[in-house]
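Worksheet for the structure shown next.
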There are 2 protein chains.
Amino acid sequence: MQQDNGNHREAMSHVVRKLSARFPLNPVDANAVLDVPASLRWHEPGTHLVREGEEPRDYCSMVVSGLALRQKTTSSGQRQIISIHVCGDFLDAQHLFLERADHTVEALTRLRVVEFSRTSLRAVALSRPNVGRALWTEALSEASIFREWVLNVGARKAPARVAHLLCEIALRFEGAGLGSRDAFHIPMSQEQIGDAVGLTPVHVNRTLKGLSADGLIERDGRSIRIRNWERLQTAADFNPLYLHLQETTRDQFTPLKAGA
Amino acid sequence: MQQDNGNHREAMSHVVRKLSARFPLNPVDANAVLDVPASLRWHEPGTHLVREGEEPRDYCSMVVSGLALRQKTTSSGQRQIISIHVCGDFLDAQHLFLERADHTVEALTRLRVVEFSRTSLRAVALSRPNVGRALWTEALSEASIFREWVLNVGARKAPARVAHLLCEIALRFEGAGLGSRDAFHIPMSQEQIGDAVGLTPVHVNRTLKGLSADGLIERDGRSIRIRNWERLQTAADFNPLYLHLQETTRDQFTPLKAGA
DNA sequence: CGGCGCCTTGACGCTTGTCAAATGGTGTGG
DNA sequence: CCACACCATTTGACAAGCGTCAAGGCGCCG
């Protein structure tokens, strides 16, 4: 973990932009958010930002660049990835008003975050209705993704599960400026993909090969090109409604400067 | 759907009690909630209170008695139950700030709810910090349950999945005054249990028989007695942390009058 | 050059799904 | 009171999907 020397208000300007994309903030709202103590930080891949079972620290984070993921593990060590996060996502919104972490948040790639005071953000979220509403939308959209993942791992067969993950990543990466929906790079091993869809790495491999053989996708290492979006979406039973992408009032969030 | 003739403030008093259990409300908070337009209503089993794909109506509900569930279905008609709800649960908190429903909420049994104005509750949630905090806690605790269910259907084998569902129901029913953790009644068919844990009804049957044969539970129709809570919990890999039961400041919620 | 991840492939086995039929309880109508 | 239909549960035989184990290939880095 490595702290930048940038100033606090500049760091929180990322957060203001993101929240404004969810729900318009007036200057007073924006200033309240800007006043939250914050800094920019790097985390190396594999770093745990939140640990299951611990009390949340006072610092919580929003992704500026890189990818993060939520995960839980069974007592036998079997890992399940619960969601994947791109720039603009709040990694601690799910614990903002809970006193003990029920899952772990980990950096998937080299990760740049705005790290800000949990107590202060909580206070702003409760005292400024527009900020509260933006954060509510954010937290509820995430919860919607959890629900879709229950459906995905609980009710779909292997090819549909993997295809569904690809569709979600395609749209979310596109929304975060990480590629187009037709061509993107997944910085995950097949073992990690398996942990996300509830399959073994061996079966993920077979399934990806199958999707290639059917002409739905094309692979080059961890780069994916979607050959036929319509057919992939059908195979995946993918309906983007659950992402609540239209719950954004203006444009999507992208950080002010590349910054990474 | 059938409306009671009781007055509005009496209906909302259930909501005040529930919210106070999550976070203490002062008299001003309580009055703001009591002023939300509301009524008590019955729903018959199978009724859909929220429908996937629709815009939420202005009325949303909190359970007073009976059980409800959230579900989604794949395009092939495969159903997945996402969560089960007891008295005190808000059935629309997950859509409170979203403009389109991403899943369906259905009455599992005959269901009595407080039905209140969504717009008004939203306003109170944003303008009164204590109410907002109580609702946040409620919504985030639910999201935590979704995450555990992703783990359950994605990473556990059939016996553990079913056992885990039993453990959760045991604790939640106990918390809602619907039985003790050692003996309760599950008003679900084995097909519905299968839809909750991602198994076929036939395999649920075999699995339940297995749990009985191992001496973990005892069944009489849909009544369950837990013979050995420790061993069941171990078999289920059940850790109640994710229910965030301790996030309740005072006692649990139970409606003022039996009312059903 | 050698070692180490990760991906790939094949053979095999177990868990779970599918199909089908029997059992049993419950409510209804004769 | 019995006959019947209906539904959920139970059971068995079989099939299929996915997991497990193991070996080989490839790229990358020391």
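Residue numbers start from 1 in every chain, and the chains themselves are labelled A, B, ... in the order their sequence lines are given, proteins ahead of strands.
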What nucleotide among [options] has an atom nearest to a side-chain atom of [X]?
X: A:Lys157; options: D:dC18, D:dT20, C:dC19; result: D:dC18
X: B:Val202; options: D:dG12, C:dG10, C:dT16; result: D:dG12
X: A:Lys209; options: C:dT9, D:dT11, D:dC18; result: C:dT9
X: A:Leu199; options: D:dG19, D:dC21, D:dG17; result: D:dG19

Length of the line joining [X]:[atom1] and [N]:[atom2], which is rounded to integer Å:
X: A:Asp220; N: C:dT8; atom1: CG; atom2: P; value: 11 Å
X: B:Asn205; N: C:dA22; atom1: CG; atom2: C1'; value: 13 Å
X: A:Glu191; N: C:dT8; atom1: CD; atom2: P; value: 14 Å
X: A:Leu208; N: C:dT9; atom1: CG; atom2: P; value: 12 Å
X: A:Met188; N: C:dC6; atom1: CE; atom2: P; value: 13 Å
X: A:Gln192; N: C:dG5; atom1: CD; atom2: C1'; value: 12 Å
X: B:His203; N: D:dG17; atom1: NE2; atom2: C1'; value: 13 Å
X: B:Arg161; N: C:dG17; atom1: CZ; atom2: C1'; value: 12 Å

Presence of [X] side-chain N/O under 4.0 Å of [N] phosphate oxygens OP1/OP2:
X: B:Arg156; N: C:dT16; value: no
X: B:Arg219; N: D:dA8; value: no
X: B:Arg222; N: D:dT9; value: yes
X: A:Gln190; N: C:dC6; value: no

Flag side-chain contact, heavy atom, 4.5 Å: A:Arg172 against A:Asp89: yes
Test item: B:Leu165 and B:Trp149 side chains (from C-beta on) under 4.5 Å apart, heavy atoms: yes
A:Tyr242/A:His164 aromatic ring centres below 6.0 Å: yes
Touch class at under 4.0 angstrom, heavy-atom based, for A:Thr200 against every strand present: base
Sugar-phosphate only, base, or nothing, as touched by B:Gly198 at under 4.0 Å among non-hydrogen atoms: sugar-phosphate
Donor-acceptor side-chain pairing of B:His103 and B:Gln94 below 3.5 angstrom: no
B:Leu49: which of B:Leu91, B:Asp92, B:Val63 passes side chain to side chain contact (heavy atoms under 4.5 Å, CB included): B:Leu91
5′-ward residue of the pair B:Pro201/B:Arg206 relative to DNA chain D: B:Pro201
